[in-house]
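Presented below is the structure to which this report refers.
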Amino acid sequence: MTLIFRTIEEVRAWRHSLPANQTVGFVPTMGALHAGHISLMELAKARSGVALASIFVNPLQFGPGEDLARYPRPLEQDLSLLQAAGVDALFLPAVDELYPAGASTFVIEESVSGPLCGALRPGHFRGVTTVVLKLFNIVQPHIAVFGQKDAQQCAVIERMVRDLAVPVEIIRGPIIREADGLALSSRNVYLKPEERPAARLLFASLTAAKQAFEAGERNAARLTEIAEAMLQGQPGISLQYWDVRDARTLQPVAAAMPGETLFAVAAMVGTTRLIDNMTV
Ligand code: PAF
């Protein structure tokens, strides 16, 4: 039975009722759960005796004109998935539970969050770090699991945890993909059937660059060129960035280094913003 808590007080009471030696795993989400989220829950459960998830569509991380209002909220379906995954408890707060009237304290990471999605979505990572630190303070997990699909988010949270000495271990769960390579995302439900071929090109572009890397190409500009050639001029897709970055700092690199480099892409497919990445 997945317990459901709607208030901070309820989570705290449950947390304090656990034995002191009990490891607690946490998976924060915005709901609209899919197999990618469930794999994170399974990781949390495997690494700790007890797993708690949260579902909170965080208004602070959406910019004006983004999809806050239409963000999918299939709560009944989410609850069944959590139940089936053996998640012990769910924190399901309302907006005013996490952001009391007049809330004026925010967490800002100033380096890793700057480029890529940070440059295109001003204020987005400030919203993420603020809510994630607040959730960590409420849940006090030993480990927290985030999806590698949001590689920059993982790097920003790891930096925040290091810089602010937050006592939690961050674990990255692998990207889960559809059979055609499309990375699972709650936003995939927005895609029309005729947009799928364009959506698939993000993975194709990453794969092309990875193949070139594996064949010995290290030059970041050349790798970017190879990937972008797969996307340019293709109908229905508008590229926002395709970039070669240091996987931890997100700074640009001139040459891709084995084990340290992230290929990252963002594009609009119709009205849907998609991101994807690959570490090489
Ligand atoms: O990745 C997400 O779903 C969100 O950014 C997170 C980490 C739950 C914070 O709102």
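As the structure lists them, so they are numbered: ligands from 1, and atoms in each ligand from 1. Index from 1, following the sequence. Computed over heavy atoms, backbone and side chain alike; hydrogens, waters and symmetry mates excluded.
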Shared hydrophobic cluster, L135 / L92 (ILVMFWY, side-chain heavy atoms < 4.5 Å): no

Only heavy atoms of [X], strictly under 4.0 Å: list the atoms of ligand 1 that pass.
X    : answer
T29  : 8 (C)
Q153 : 1 (O), 2 (C), 4 (C), 5 (O), 7 (C)
V131 : 9 (C), 10 (O)
Q61  : 4 (C), 5 (O), 9 (C), 10 (O)

Q251 CD: over 12 foreign heavy atoms closer than 6.0 Å: yes

N58 versus Y71, side-chain donor and acceptor atoms under 3.5 Å: no

R218 to F213 six-membered ring, cation-pi geometry met (6.0 Å, 45°):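 The answer is yes; both the distance and angle limits are met.
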
